[in-house]
Amino acid sequence: MFYPQQESFMANFGEALLKNIDERCGELAVFIDRANLKDLHSIYPMLIDSIFGPLSKECWNLRGITESNSLRTYNAVRQFLSPLGPIFKLIYTLLKDPLVKFNFNLNYLPMKVRENTNPSTTHPFYMDMINVDLQTNQTVSLMLNPFDYYFFHFAYHLINPIHFGQSSDTVHWETVYFTLYCDYLRHYLPNDPSTKILPNLNFYHGKNPYYTLPSLNKPAKVSKLLRADLFNVNTVESVQHHPRNEVWRSETVMTVFIDMWFGSDRLLNSSYNFDSNFSTAFKDMFQRNEMPSTEYIRIVRVLVKHLHAFANSARADDTHLGDLKRIVIPCLQGKIYVLLRHLIYSWPLDGSFRLVLELWFSFIQPWRYLPDYLKLNQVDANIDNEDLNTSTSGVTRDHMTFLAENLLAYTVLLQQLLPRFNKVDLASPKIALILYRTCKVFGQPHLISYLRDIEEAIQQVTVTSPIHPYHSPTSHGLPPLSPTSKWSTNNSQYSDTQIHWKDTVNSSQTPYGGFGGKWGNIVRQRILEYEGSHFCYKPMFIPPVASEVLELISHIQNAQRVALNNVQMHVREKEQRGFFLSLISKLNINEYLHNDYNEEDRKKVPIYLDYSLKLLVEMFQITEYVTPQTSFDTVPLKSGEGPLSNPRQLMARIKKIKYEGDPDLRPIQSHEVKALVRMLYRLSVKVNSKYGSEMRDWYNTNTWLGFFLRQILCPPLRIYTFDKSSPGAPKRVSEDLPPRISLRFLANFWVIFYSILIILLTKFFGFSLLALFFIIFVLWCTYSLIKSVYEPYPNDRNIDASMSSSMSREFYNNDSF
């Protein structure tokens with residue numbers, strides 16, 4: 001029961017949440033300063049729900065606010081949610097009472113994280129958070145302190161299916177969400193050992209390792225997150241001076257970001273179990289298996305880069321935070337390997353694959369991210385503008401342990417990627433750049449030799465089986481590897497033969513002394529943990545070379561000839577045109593509808609391919625090889641046949657593509673104004689939703705109004721889309737569109753050009769602009785009425801779907817919605 005004063009406070013708080021965000025932040029800051037602990041405890045969960053909207057699209061739109069589109073709102077939100085801003089002042093005030101806890105629903109957690117909250121196998125980090133039902137002995141929720149509660153919601157906001165596509169029209173690295181995320185990394189995971197995490201919380205002792213789990217008689221586990229003495233319950237240190245008090249905030253930020261973002265159910269095809277109080281629509285959002293957004297890939301990559309720099313600064317850090325720095329990469333490496341296996345398998349190999357590629361390269365090159373690498377003005381830089389060259393710091397023998405622990409992230413992921421290059425057009429500038437980046441990273445001095453050393457060392461402790469399971473029921477849910485003659489076989493039958501490891505190694509039999517057994521044990525542990533006991537590792541850089549590598553080399557040579565011919569042909573055409581014709585062609589929009597690359601991009605393709613070819617030959621120590629019989633020189637391909645078409649054939653295919661979706665939702669074309677297309681679409685949707693039933697009734701009437709509407713409205717149409725929610729291949733489903741209005745033609749450049757031209761001429765001759773447009777409108781209506789008189793009224797206006805959908809529509813590979 002609220003007292004009058006508290007009722008007034010809650011009423012004023014509710015009114016503040018209804019104001020504009022910039023005004024809201026200012027008033028809420030005043031509320032936080034003046035409220036007592038009881039009032040803050042009441043409003044805090046409501047404030048968090050208002051900011052992040054875990055169960056509703058109503059939120060503060062952190063992933064849509066940018067500095068360019070709303071500077072005042074951007075600054076207000078960033079200041080309010082900053083690490084030392086009003087929201088954290090509220091949090092630290094609530095932390096003064098260690099009994100203040102907030103309920104966090106388990107349905108928000110990925111399935112992999114939920115497994116860590118089982119009372120019998122609770123991960124040490126979650127041990128003091130779980131809320132166990134005494135009757136069922138099952139975890140029903142997490143009870144979090146205010147700080148943990150905020151960061152669990154902050155991390156969940158990125159992967160919440162309700163907010164998918166929220167920031168599709170914004171630049172991801174300019175949003176206030178991305179900026180705050182970088183601020184939190186710098187503040188709570190500092191690279192400089194002299195940097196203190198402010199404010200100092202000497203008063204909070206709620207993270208000490210004294211756990212009391214109901215109905216559990218087992219002793220508490222010792223956490224693997226920090227060194228043992230940090231969790232020693234028999235420590236002689238007092239509770240007030242326990243070392244975990246100094247690092248628990250950093251531990252929370254690190255663990256929550258890794259667990260929530262690297263175990264996404266939507267990407268890893270995990271199953272879901274929901275409580276009965278969750279709506280069906282909310283459950284359906286989870287069940288749709290979709291690719292992650294580019295925003296997600298960018299944010300995860302920044303986290304990987306920062307954690308590498310954070311871990312590399314441990315050498316000069318003898319504080320308790322240094323212990324956390326030493327275990328951050330072991331906490332990350334298994335989860336990111338699984339994530340990359342899924343991404344490289346499912347992400348289309350087009351220009352957008354560059355994001356996945358750079359995420360992979362950021363992880364496998366820890367030597368690039370020294371503690372002073374991530375400056376304040378570089379953390380949130382545009383990833384696409386990053387220099388293609390690696391940093392001056394290279395791989396050394398000091399990184400051998402990292403290479404061994406993450407050998408699968410180098411070899412297995414490369415085995416998974418290389419065969420995909422054989423199925424795409426390497427003469428495309430974007431694909432050639434991806435191949436070049438891959439070869440350049442693996443072509444760094446000493447990297448391949450170190451990986452080869454580890455592969456040769458582990459051969460001393462392994463007895464390899466003849467097959468590499470292609471579809472293994474115990475492969476931990478990972479996607480299959482592409483079958484090859486050396487890395488695996490085409491046999492999809494599951495082998496019951498487990499991998500056998502020698503228990504001991506005679507160090508004198510290896511050229512690396514005792515290191516052979518060391519690397520073998522490390523790799524064995526990682527294989528069992530990541531891939532399963534039935535996974536048979538196949539060396540990649542030890543001869544003989546896999547056939548896919550030889551095919552790729554042949555493929556590159558063919559692509560080189562095509563790329564050179566394209567450049568030469570373009571140069572000849574340019575010379576034949578002359579200056580004035582070239583100038584006119586640049587002004588012709590239609591010429592560039594199917595041309596996504598400029599002259600400079602195409603000139604770089606032969607250079608990229610030549611460099612990639614040399615690096616591949618050097619990496620795999622290829623001295624001579626026989627070109628496979630499937631080479632394009634020996635087997636002529638007809639148009640549309642074979643695994644690859646040349647650019648002319650691809651262009652011919654594009655011209656024949658039929659777009660069968662909603663005409664108003666087709667990709668934005670080069671001769672349209674993007675912002676105007678989106679605005680006119682929203683206007684059309686509002687008109688159709690409000691007057692759709694009336695337009696449909698009038699459209700099918702045999703009256704003058706019906707005749708007229710059939711001239712100005714879009715006719716009924718059957719469209720086709722692909723349903724990707726069900727497992728397996730997408731299903732082609734149909735949908736009937738009723739008569740509707742479409743205003744998209746107004747976004748055409750030529751319509752805008754002629755409109756502006758008419759306005760200028762009208763002003764020049766002194767005519768009334770309003771009168772002129774009224775005359776044009778009357779003439780158009782008269783023309784439509786006259787045309788409707790001669791239109792025969794068909795018996796069925798709901799025209800056959802196959803007739804309407806068979807109409808060819810040009811499909812442009814430009815920016816979509």
Side-chain angles (χ1 to χ4, degrees), residues 1-67 69-105 108 141-157 160 162-163 166 175-177 179-180 183-184 198-199 201 203-204 206 277:
M1 180 177 180
F2 291 118
Y3 293 102
Q5 183 178 1
Q6 189 174 11
E7 290 179 352
S8 176
F9 176 84
M10 297 300 294
N12 294 334
F13 172 75
E15 292 178 1
L17 292 180
L18 298 177
K19 295 186 177 182
N20 294 333
I21 294 183
D22 48 351
E23 298 178 2
R24 185 187 311 168
C25 292
E27 292 201 11
L28 290 175
V30 175
F31 272 93
I32 293 172
D33 286 334
R34 298 178 178 178
N36 55 39
L37 182 63
K38 184 177 180 181
D39 291 335
L40 293 178
H41 185 212
S42 301
I43 68 171
Y44 183 64
M46 293 185 289
L47 180 59
I48 294 298
D49 287 347
S50 173
I51 295 173
F52 299 111
L55 288 174
S56 171
K57 291 186 178 181
E58 296 296 329
C59 62
W60 286 20
N61 193 26
L62 301 182
R63 292 162 57 196
I65 299 174
T66 63
E67 192 172 9
N69 63 23
S70 183
L71 177 61
R72 183 177 177 182
T73 303
Y74 174 91
N75 290 332
V77 174
R78 183 180 182 183
Q79 191 278 331
F80 184 78
L81 300 179
S82 66
L84 297 176
I87 188 68
F88 281 91
K89 181 179 180 180
L90 186 160
I91 290 172
Y92 295 139
T93 301
L94 292 175
L95 283 175
K96 293 180 180 179
D97 184 357
L99 298 180
V100 173
K101 300 287 184 179
F102 299 94
N103 185 74
F104 188 82
N105 201 306
Y108 299 154
S141 66
L142 296 183
M143 297 302 295
L144 306 177
N145 68 35
F147 186 89
D148 294 348
Y149 188 73
Y150 177 86
F151 276 102
F152 268 94
H153 275 285
F154 183 87
Y156 177 67
H157 188 62
N160 189 342
I162 292 180
H163 301 297
Q166 178 190 48
T175 64
V176 68
Y177 183 86
T179 304
L180 287 170
D183 291 342
Y184 296 150
L198 300 176
L201 301 182
F203 57 83
Y204 184 73
N277 57 352

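Along the sequence shown, the residues carry numbers beginning at 1.
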Taking all non-hydrogen atoms of both residues, which atom of [X] and which atom of [Y] are closest, and how far apart?
X    : Y    : answer
H157 : R63  : O-NH1, 3.1 Å
N69  : G64  : ND2-O, 3.2 Å
L94  : P146 : CB-CG, 3.5 Å
K101 : N145 : CD-N, 4.0 Å
L95  : L201 : CD1-CD1, 4.0 Å
H163 : S56  : CE1-O, 3.1 Å

Please examine the side chains of [Y] and [X], heavy atoms only from C-beta on, and report whether any two atoms are closer than 4.5 Å.
X    : Y    : result
D148 : L142 : no
I65  : T175 : no
M143 : N103 : yes
Y184 : L81  : yes
D33  : K89  : yes
P199 : F88  : no
L17  : L47  : yes
P54  : F104 : no

Quick one: [atom1] on [X] to [atom2] on [Y], what's the gap to the nearest 0.5 Å?
X   : Y   : atom1 : atom2 : answer
E15 : L18 : CD    : CG    : 7.5 Å
F31 : D39 : CZ    : CG    : 10.0 Å
L40 : I91 : CG    : CD1   : 11.0 Å
C25 : I51 : SG    : CD1   : 8.0 Å
L37 : K96 : CG    : NZ    : 9.0 Å
N61 : T66 : CG    : OG1   : 10.0 Å

Decide if the gap between the ring center of [X] and the ring center of [Y] is smaller than 6.0 angstrom.
X    : Y    : value
H41  : F102 : yes
F147 : Y204 : no
Y177 : F52  : no

Evaluation steps, ring-ring contact (aromatic ring centres under 6.0 Å, His included), between Y44 and Y150: CA-CA 10 Å; Y44 183 64; Y150 177 86; 7.7 Å; no
Between F80 and I32, is a side-chain contact (heavy atoms from CB on, under 4.5 Å) present by the stated rule, with each step listed? CA-CA 11 Å; F80 184 78; I32 293 172; 4.1 Å; yes
query = What's the verdict on side-chain contact (heavy atoms from CB on, under 4.5 Å) for D183 and R78, showing C-alpha distance, side-chain angles and the deciding distance?
reply = CA-CA 9 Å; D183 291 342; R78 183 180 182 183; 3.1 Å; yes
Margin query: Determine whether F9 and I43 satisfy the following criterion, side-chain contact (heavy atoms from CB on, under 4.5 Å), listing intermediate values before the conclusion.
Written below: CA-CA 10 Å; F9 176 84; I43 68 171; 3.5 Å; yes
Quick one: side-chain contact (heavy atoms from CB on, under 4.5 Å) partners of D22, sequence neighbours excluded?
->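 Counting only residues at least two positions away or on another chain, D22 forms a side-chain contact (heavy atoms from CB on, under 4.5 Å) with N20, R72, T73, A76.
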